[in-house]
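Each remark here refers to the structure printed beneath this line.
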2 protein chains.
Amino acid sequence: MIKCLLVEDQTLVRLGLANLLNLDEDIFIDGHAEDGLQAITQLTQRSFDIVLLDMRMPNLDGLGVLEKMRESLNNTPVLIITTFEDCDVLVKAINLGARGYVLKNIELEELIDAIKRVIAGKRVLQSAVTDYLLQQQLTPQQCLTAKEQVVLQCMSLGMSNKVIANRLDNSEGTIRNHVSQVLAKLNVKDRTQAVIKAINQNLI
Amino acid sequence: MIKCLLVEDQTLVRLGLANLLNLDEDIFIDGHAEDGLQAITQLTQRSFDIVLLDMRMPNLDGLGVLEKMRESLNNTPVLIITTFEDCDVLVKAINLGARGYVLKNIELEELIDAIKRVIAGKRVLQSAVTDYLLQQQLTPQQCLTAKEQVVLQCMSLGMSNKVIANRLDNSEGTIRNHVSQVLAKLNVKDRTQAVIKAINQNLI
DNA sequence: TAAGAACAGTGACATATGTCATAGCCCAAG
DNA sequence: CTTGGGCTATGACATATGTCACTGTTCTTA
C-alpha cells in the first residue's frame, strides 16, 4: 500500500483525483493539503511514501514546498502533477529534487504507473514533457536563457519592469537589461511586439 | 436522474469530477468530451439535461461551444466550470446563454447544488464570481469607438504611436489621446496589457 | 436649435522604456 | 587554471508612452 499526500488547491480536482487513485489497490491517498503550507504541516507530522504535488497554489507554491522539504532534509519522493508546462519551472522542480513531472492531461493508468515508477526509484518525465524540452533545445536561434524566459513570461502577463523587478527580487535596471536581451533575441523593437510574438508562438 | 455531458480537456480532472458527481444519486455523467468539437458532436447525436463546460480547451473553447449551440438552436442548459476568473469571459458566456458560472475551487456540495439549481431553471453565479462582477461593474467599461478599435488593432500589430499616426494620417498626439482612451476603457495600465486583453478577448 | 458624441489637434508634464558601457560574481567546460 | 556564459548591478542617455487640460470641427439626435 502506497501512502500518498495529495497537494492540490482546487477542491474538486483534489477530491476527484483522490477518488480515482484510491480505486487502485496499491494506492491510498492518506492525506490532503490545499496549499503548500498545509502540505509542509502534514509532512512534519506524518510520513508518506510519496507526495503528489501541484505547482500553482496560494500561500506556498510547489517550488516553495520542494525548497522547504530540502531544507528540512525530508526526502519523501515528489511527483509533480500540474497544468503548467513551463520549461523553467520544470527544470527548477527537478533541480529541487522532484522525482517526476507529469501534466494533468495524463491518462489515469499512466499516472498510476508514474507513481509506482517513482516509488521504485525511477525518474518520470511524461513524453509530452520531454517533447517540449526537446523542442526548446532545437530552437537555438531564440535560445532564451532561463531568466530571460521568466522575464518574458512576466512581460506576457502585462507586468512593468518595476513590477517584474519586485516580483523577481532584482533591481529595475537588471530587468531592463534582460528585457533588452529578450527583444534582441526575438528580433523585435519593444515589449509589446515581444509579448505578441510570445503569445503567437506559445513561448510562454 | 440528471444526464450530464462533461466537457473538460484534462483527463484526470474530467474523470475525477465524473466520479465525484456520480456519487450523487440524482446525477449521472452520461457523456464525456475532451474539447469543444467533441462536445458539439455529442450534443448533435444525443440529448442531455445539462452541459458542464470548461472554458479553456484546445480546438474549440467554451465560448465557441456556446456559439455553436446557439447557432444550432440547442438550448440545453450550460453550467460553466472553470479556473478562468476573467470578467469579460464571464460576461460573454452569460450573454451567449450560459446559465451558471462557477470556479473549480468550489466545494462539491455547492457544485451539486448549482447543477440542480440550473436544472430547476435558475441562474447560478458563485459568490466569488458575483463579488468580482460587482467590483468590475463599478467601473463600467464602455464600448470602443470605431477609431479606438482601429487604433487598438494597430497596437495589437505591434505599432508604436508614431507608426500608427503615419499610418492613419493623424498627429502622434492624437494617437496618444486615443490610446489613452482605449486603456481607460479596457481598464488596463499600458499598451502591453491592452494588447494582451485584446488578443485574449478577440477584440481585434 | 441645443446637446452630446466622435474626431482631430496642441502643449506640457511625469514616467516608462530601451540602449550602452562597464564591472563584479559564480560556475562549468576546456 | 583560464575562459566564457549567465546573472546582477549601476549610471547616463535618448526616446516612447501616457495623462491632462483645453480648443476646435462635424455630425447626429433629442
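Numbered from 1 within each chain, the chains take letters A, B, ... in sequence-line order. As the structure is a computational prediction, the values presented were derived from the model and not from experiment.
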For the residue pair B:Ile115 and B:Leu21, establish whether any side-chain heavy-atom pair is separated by less than 4.5 Å.
yes
Electrostatic pair A:Lys116-A:Asp24, nearest N-O below 4.0 angstrom
yes
Do A:Gln193 and A:Asp190 come close enough that some side-chain heavy atom pair is under 4.5 Å?
yes
Looking at A:Asp30 and A:Arg46, is there a salt bridge between them, counting it only when a charged N and a carboxylate O are closer than 4.0 Å?
yes
Of all pairs that satisfy salt bridge (Lys or Arg N to Asp or Glu O under 4.0 Å), the ones with a partner from residues 2-23 of chain A, not counting sequence neighbours:
A:Glu8-A:Lys104, A:Arg14-A:Glu34
Measure the distance from CG on A:Leu183 to C1' on C:dC20 and round it to the nearest whole Å.
14 Å
Using whole Å, report how far CG of A:Asp190 lies from P of C:dT19.
9 Å
Residue-level proximity of residues 157-165 of chain A to DNA chain D when a heavy atom falls under 4.0 Å
none
Between D:dT8 atom P and A:Ile175 atom CD1, what is the distance in whole Å?
7 Å
Report for the helix from C:dT1-D:dA30 to C:dG30-D:dC1: angle between first-end and last-end helix axes, five pairs each, rounded to 10 degrees.
40°
Walk along nucleotides 25-30 of chain D from 5' to 3' and tag each nucleotide B, S or - by protein heavy-atom contact under 4.0 Å, base first, then sugar-phosphate.
------
Please examine the side chains of A:Val151 and A:Leu144, heavy atoms only from C-beta on, and report whether any two atoms are closer than 4.5 Å.
no
When you compare the side chain of A:Val124 with that of A:Tyr101, does any pair of heavy atoms fall below 4.5 Å?
no
Close side-chain approach of B:Asn177 to B:Gln181, heavy-atom, < 4.5 Å
no
For atom CZ of B:Arg176 and atom P of C:dG11, their distance in whole Å
11 Å
d(CZ, B:Arg191; C1', D:dA16) in whole Å
9 Å
Could you tell me if the side chain of B:Ile81 sits less than 4.5 Å from the side chain of B:Val102, heavy atoms only?
yes
May I have the list of side-chain donor-acceptor pairs in residues 60-69 of chain A shorter than 3.5 Å, sequence neighbours left out?
residue, atom, partner, partner atom, Å
A:Asp61, OD1, A:Leu63, N, 3.3
A:Asp61, OD1, A:Gly64, N, 2.9

Can you confirm whether A:Met55 sits close enough to A:Ile80 that some side-chain heavy atom of one is under 4.5 Å from a side-chain heavy atom of the other?
yes
Answer yes or no: is there a side-chain heavy-atom contact under 4.5 Å between B:Leu12 and A:Leu108?
yes
Output one line per pair: protein atom, nucleotide atom from nucleotides 7-10 of chain C, and distance, for all N/O pairs under 3.5 Å.
residue, atom, partner, partner atom, Å
C:dC7, OP1, B:Lys147, N, 3.2
C:dC7, OP2, B:Thr145, OG1, 2.5
C:dA8, OP1, B:Lys147, NZ, 3.0
C:dA8, OP2, B:Lys147, NZ, 3.0
C:dA8, OP2, B:His178, NE2, 3.3
C:dG9, OP2, B:Asn170, ND2, 3.1
C:dG9, OP2, B:Ser171, N, 2.8
C:dG9, OP2, B:Thr174, OG1, 3.3
C:dG9, O6, B:Asn177, ND2, 3.4
C:dT10, O4, B:Asn177, ND2, 3.0

Are A:Asn74 and A:Thr76 linked by a side-chain donor-acceptor pair shorter than 3.5 Å?
yes
